[in-house]
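What follows is a set of notes on a single structure, which appears directly below.
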Amino acid sequence: MPLKELLDPQGKAVEHSLHNLGFQATNVRIGKHITLKIEATSQEEATQKVEEACKKLLHNPVMEYYEFTVSA
Amino acid sequence: MPLKELLDPQGKAVEHSLHNLGFQATNVRIGKHITLKIEATSQEEATQKVEEACKKLLHNPVMEYYEFTVSA
Amino acid sequence: MKFGVVVFPGSNCDADVIHVCKEVMQCETRVLWHKDTHLQDLTTEDCIMIPGGFSYGDYLRCGAIARFSPIMEKVIEHANKGGYVFGICNGFQVLCESHLLPGALLANNHQRFICQNQYLLPQTNNTALTQQLDLTTPLNIPIAHGEGRYFADADTLKMLKQNDQILFKYCDASGNITEAANPNGSIENIAGICNVNRNVFGMMPHPERCAESVLGNADGKKLFESLLNLVYG
Amino acid sequence: MSIKVHQPAVNEETAKSLGLLSEEYEKIQQILGRIPTFTELSVYAVMWSEHCSYKNSIKYLKKLPRKGKALLVEAGEENAGLVDIGDGWACAFKIESHNHPSAVEPFQGAATGVGGISRDIFTMGARPIASLNSLRFGNLDNKRTQHLLKGVVKGISHYGNCFGVPTVAGEVYFDDCYQVNPLVNAMSVGIVKVGETISATSEGVGNPIYIVGASTGKDGIHGATFASEDLGEDAEDKIPSVQVGDPFTEKLLLEATLEVIKTGAVVGMQDMGAAGITCSTNEMSAKGEHGMKIWLDKVPTRQKNMQPFEILLSESQERMLIVVQKGKEKEVEAVFEKWDLHCAIIGEVTEGNLVQYYMNDELVAEVPADTLVLGGGAPVYDRSYKQPSYHSKRDNFNINTISLPNNYIEITKQLIQNPNIASKRFIYKQYDSMVGINNASTNKPSDATVIRLKESNKGLVVTVDCNSRYVHADAYKGGAIAVSEAARNIVCTGAKPVAITNCLNFGNPYDEEVYWNFVHALKGMGDACLKFDTPVTGGNVSFYNQSPNRAVNPTPTIGMLGLIDNVDDAMTLPFKKEGDIIYLIGTCRNDISSSEYLVHHHKVELSPAPHFDLEEEATIQNAVTNLIQNKLIASAHDISEGGLFIAVLESAMAGNLGFEINTNP
């Protein structure tokens with residue numbers, strides 16, 4: 001998701017059109033949702049692998065923070 | 001998230017580069033993650049409101065499916 | 001000075017940059033394929049161009065995937081040894097993703113791709129790319145991007161200013177740097193920057209798109225002349 | 001992976017559900033001498049569909065002038081027309097429609113439209129260097145129109161910008177008739193060295209046949225849905241309702257295709273458009289008068305357990321079929337390896353004219369190619385037509401009933417805000433119009449766009465035009481005006497019109513009034529093409545564009561190619577200097593029929609087409625050409641929607657100058 005302190009124009013635009021449709025939603029933020037499958041022998045190994053993939057490619061710390069869940 | 005049967009060019013490209021970086025991830029899919037705050041007197045009301053917002057604006061049934069969670 | 005032009009799958013301004021370097025500026029130009037692991041006969045005297053386009057389709061984040069192509073390791077090495085690297089549009093995004101340049105390029109504030117002529121004012125003569133430019137006359141250099149909003153956090157911005165690393169700012173026809181003249185919401189109208197040791201340049205506007213009078217605008221050629229002049233001058 | 005082939009029983013009901021008429025089903029049985037298998041029936045159904053066979057239009061398309069000394073390839077012979085532009089170079093260009101997919105999903109519909117037409121160009125070995133588009137929507141105040149417009153523009157912008165071909169010209173119209181069924185016509189222009197083109201043919205027994213590019217999914221298989229009733233709940237098997245375009249893969253496919261052609265190992269090639277593998281395998285076999293053996297299980301697929309007919313009918317994007325010389329496989333595969341693209345052998349060329357499709361060595365379909373293709377066994381129908389009933393309503397329009405206005409200032413303000421007249425900057429600024437650094441009109445605006453050729457100082461001049469209201473009012477005149485308007489734009493830019501492509505968007509061909517307009521529009525187009533010596537090099541027909549209560553206006557969109565010997569001599573539209581004299585060339589008539597002013601200010605929906613005389617038009621255009629060649633004028637601009645006032649205003653605004661016009665009282 002975009003860092004909290006960053007202007008999120010897409011979120012702002014969606015918030016604006018939600019208001020036009022009568023929804024009083026506030027601080028709408030839009031980011032990416034990535035799902036993937038990986039081979040791992042254990043929960044820890046999977047978590048560690050995803051952590052590394054995020055650090056290397058999937059995440060840019062300058063503009064985003066990330067969370068992820070691992071499920072068997 | 002993009003419907004499963006649809007080609008996801010972005011997911012395909014990211015999967016390809018993850019492989020190049022040594023991660024054997026498969027069926028990488030990339031969609032949107034939206035967070036927002038709304039006023040509601042109860043969990044049901046909130047769920048109903050979000051459901052309507054998805055139907056009216058946030059979700060394009062031709063291309064996407066959606067799930068959401070409501071938390072106080 | 002020789003030029004090396006990096007070609008990623010999805011780059012589409014590579015042919016334009018090669019044309020300007022080779023035909024317009026009459027320089028020797030090498031094509032660097034993204035899978036290559038060497039820079040051919042290029043030395044730190046030469047300049048590596050990272051052209052615009054949609055490297056790897058700009059999926060995930062613009063330039064995010066290009067950063068890991070084999071050639072980029074060589075380009076980073078070249079930069080760290082003091083060789084010139086010049087990233088244009090998508091090239092600027094790749095350089096930020098590769099941490100050769102600070103900050104990031106975010107989606108335009110109006111959510112649309114925008115292609116138009118755009119005035120920008122040079123901010124410093126203290127780099128090879130801008131050393132010949134007049135700091136009082138705006139240059140008309142076209143932009144074409146969907147993710148051109150430059151962003152840097154407060155500390156980075158302070159550093160850019162202190163070290164005189166800001167090369168160009170968006171302005172209007174008469175050179176005023178105003179909010180109205182800012183086409184994408186970039187912080188302080190920043191259109192281009194360089195790194196601390198002043199050998200890596202990145203800018204969103206496309207100088208290669210206005211380097212020939214037949215196209216009715218040759219302002220972009222001044223940047224290439226400035227770059228080359230340092231070596232011959 | 002062996003897939004249980006599922007061949008439902010075949011009878012007349014099955015044929016009907018696939019869109020075949022009973023007499024067509026009869027003919028298939030005569031050709032094969034037996035009841036077709038389900039896969040064979042699907043092949044005939046898609047090859048004899050309106051889209052592939054042009055069965056309800058080919059009879060009249062043939063009457064359009066298709067000959068011209070500059071034509072290297074005539075209409076219908078290849079994927080796109082090919083025109084000799086001198087200095088050893090040729091230009092391939094074509095326009096096609098993606099109307100119905102864009103109504104379902106505007107972004108992907110328009111995006112895949114751009115992708116499809118670009119492939120038609122580079123499948124011939126030409127590099128696309130410019131794209132144009134012609135868009136028509138309903139009323140701009142309508143929410144759905146705004147949704148469609150936003151999606152279509154974003155789709156064209158996304159695909160075109162990423163693919164790296166500049167969008168250099170186009171037109172956008174808003175009219176209530178397009179409310180339900182928008183029109184999205186995409187045009188692509190490419191150049192190739194004469195002699196280096198590739199034909200869509202197949203020959204050389206034993207030559208391997210490759211499928212290259214993206215993997216195959218169940219995209220675009222409509223109609224035949226009931227046959228796959230064993231559709232598992234698992235989404236992996238579901239039929240996607242929309243085709244998703246991947247411009248990044250298209251860019252790789254473009255570069256790989258042009259590179260593989262240089263190896264000299266390519267015997268023939270065709271892009272996969274409508275009906276995917278079925279169409280390319282049969283059209284190439286019929287053209288090369290050879291057969292094919294195709295193993296469908298070798299096709300790289302994106303979804304699991306696809307049935308033979310699904311693989312055959314799939315319209316997944318960014319794929320090509322290539323016939324390669326035996327022994328040159330390694331060379332070809334290396335190119336696709338370099339560009340990270342699938343490249344799989346799925347068959348080989350055989351003797352005779354039978355195309356045989358196998359699934360895990362089980363013969364699932366065997367069809368004689370020539371009986372399937374346009375110009376071969378595909379049916380040709382002659383539809384009946386009668387004069388539209390609304391013509392009587394049109395004819396009782398009388399200009400004298402229109403009161404002279406007293407608030408000219410107010411009216412001009414209304415006129416310049418009319419969406420069909422106002423600037424379309426908010427749209428075209430979303431297109432990259434400069435990539436390729438060949439667009440010589442960026443800083444020198446003119447009626448048509450000038451593309452400079454780096455190989456010589458010549459320039460291609462391109463435009464796309466059609467005023468469908470004129471065609472609706474008078475099909476013959478409207479058709480002639482569409483071609484003349486395109487020629488006028490090319491002439492005002494100082495170039496010479498050379499050839500055209502067309503996209504014929506009409507309603508239901510079985511509606512006699514719609515077909516009357518079709519026949520007469522083509523007649524008008526043909527006469528104008530002869531007058532301006534601009535032969536038709538090919539194009540596309542799109543029927544069934546209609547809303548529940550009426551067909552869309554008959555819309556024969558014309559894409560015209562012009563040539564200018566020296567790009568620096570191009571004429572531009574802005575006024576240049578204070579004190580210059582403004583000339584009106586051609587006679588001014590008391591005629592406001594079918595004008596934006598009449599329709600939007602006076603709310604007169606129906607009136608005759610404006611005055612038009614082909615001879616007069618040609619004389620005026622020749623005069624303007626001479627003026628430009630003798631360097632006697634500073635600017636030229638054609639008068640179209642909005643009339644004289646708008647034309648003068650556009651030239652003034654572009655030149656940052658004013659004007660003074662006195663009309664003799």
Side-chain angles (χ1 to χ4, degrees), chain C residues 7-20 22-24 33-36 51-59 62 65 69 89-90 108 110-118 140-146 173 183 205-220, chain D residues 127-129 150 153-154 156-168 245-256 337-341 425-446 450-454 457 459 566-568 570 572:
Chain C
V7 179
F8 295 114
S11 301
N12 46 37
C13 304
D14 46 314
D16 304 352
V17 171
I18 292 169
H19 173 78
V20 170
K22 211 157 142 213
E23 315 300 336
V24 178
W33 178 241
H34 71 107
K35 286 181 181 171
D36 291 351
F54 289 70
S55 53
Y56 295 87
D58 268 359
Y59 292 132
C62 301
I65 300 173
S69 57
C89 196
N90 190 234
N108 295 345
H110 43 67
Q111 302 297 300
R112 285 189 306 277
F113 184 94
I114 184 162
C115 171
Q116 65 185 28
N117 282 331
Q118 174 67 44
N140 172 12
I141 302 192
I143 57 172
H145 56 247
H206 287 261
E208 83 281 8
R209 292 187 173 190
C210 52
E212 296 162 284
S213 53
V214 70
L215 300 177
N217 176 5
D219 279 5
Chain D
R127 176 176 286 279
I129 59 169
K150 195 164 175 245
V153 169
K154 273 212 148 80
I156 292 173
S157 159
H158 166 69
Y159 204 100
N161 299 345
C162 183
F163 180 50
V165 174
T167 302
V168 298
D246 179 0
F248 171 56
T249 302
E250 177 102 333
K251 168 70 174 171
L252 304 182
L253 192 57
L254 161 68
E255 300 303 338
E337 172 58 29
K338 170 186 172 185
W339 290 97
D340 296 322
L341 287 172
R425 253 202 315 277
F426 74 103
I427 289 178
Y428 66 69
K429 271 202 168 168
Q430 298 185 51
Y431 304 146
D432 185 343
S433 58
M434 304 182 201
V435 60
I437 53 175
N438 288 325
N439 185 345
S441 297
T442 308
N443 300 306
K444 299 181 229 172
S446 52
V450 179
I451 307 289
R452 66 109 180 229
L453 297 175
K454 297 191 182 87
N457 48 27
N566 188 330
V567 175
D568 300 330
T572 57

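Numbers restart at 1 for each chain; the letters A, B, ... are given by sequence-line order, proteins then strands.
The main-chain N or O of Ser55(C) is never found under 3.5 Å from a side-chain atom of Lys251(D) such that the two would form a donor-acceptor pair. Side chain of Asn12(C) to backbone of Asn161(D): a donor-acceptor contact under 3.5 angstrom is found. The backbone N or O of Gly436(D) sits less than 3.5 Å from a side-chain atom of Asp16(C), completing a donor-acceptor pair.
From Lys154(D), atom NZ reaches atom CD of Gln111(C) across 7.0 Å, with rounding to the nearest 0.5 Å. If you take SG on Cys162(D) and OH on Tyr59(C), they are separated by 5.5 Å, rounding to the nearest 0.5 Å. Note that CE of Met434(D) and SG of Cys13(C) are 11.5 Å apart. Values are rounded to the nearest 0.5 Å. Phe248(D) contributes atom CZ, which lies 12.0 Å from atom CZ of Phe54(C) (distance to the nearest 0.5 angstrom).
Contacts with chain C were tallied for Val165(D), Asp432(D), Asp340(D); Asp432(D) has the most, counting heavy-atom pairs under 4.5 Å. The choice from Arg112(C), His145(C), Glu208(C), His206(C) that makes the most heavy-atom pairs within less than 4.5 Å of chain D is Arg112(C). Note on His19(C), His34(C), Glu212(C): by heavy-atom pairs under 4.5 Å with chain D, the leading option is His19(C). With chain C as the partner, the residue from Gln430(D), His158(D), Glu250(D) showing the most heavy-atom pairs under 4.5 Å is Gln430(D).
Counting non-hydrogen atoms of neighbouring residues, nucleotides and ligands closer than 6.0 angstrom, the NZ atom of Lys454(D) exceeds 12 such neighbours.
For a residue to count as touching a neighbouring chain, one of its non-hydrogen atoms must lie under 4.5 Å from one of that chain's; by this rule Tyr431(D) touches chain C with the backbone only. Contacts of Ser433(D) with chain C are made by both backbone and side-chain atoms, with heavy-atom separations under 4.5 Å. Looking at Val567(D), only its side chain comes within 4.5 Å of chain C, counting heavy atoms on both sides. Residue Asn457(D): no heavy atom, backbone or side chain, is found under 4.5 Å from chain C. Interface remark: Lys338(D) contributes backbone and side-chain atoms alike to the contact with chain C (heavy atom separation under 4.5 Å). Of the atoms belonging to Lys444(D), it is side-chain heavy atoms, and not backbone ones, that fall under 4.5 Å from chain C. Interface residue Asp568(D): only side-chain heavy atoms are found under 4.5 Å from chain C. When heavy atoms are compared at a cutoff of 4.5 Å, Asn90(C) does not approach chain D at all.
Remark: Asp246(D) engages Lys12(B) in a salt bridge (charged side-chain N to carboxylate O under 4.0 Å, His left out) (not counting sequence neighbours).
Looking only at side-chain heavy atoms (C-beta outward), Thr442(D) and Leu215(C) stay at 4.5 Å or farther from each other.
When all heavy atoms are compared, the tightest approach of Leu252(D) to Pro9(C) is CD2-CB, 3.2 Å.
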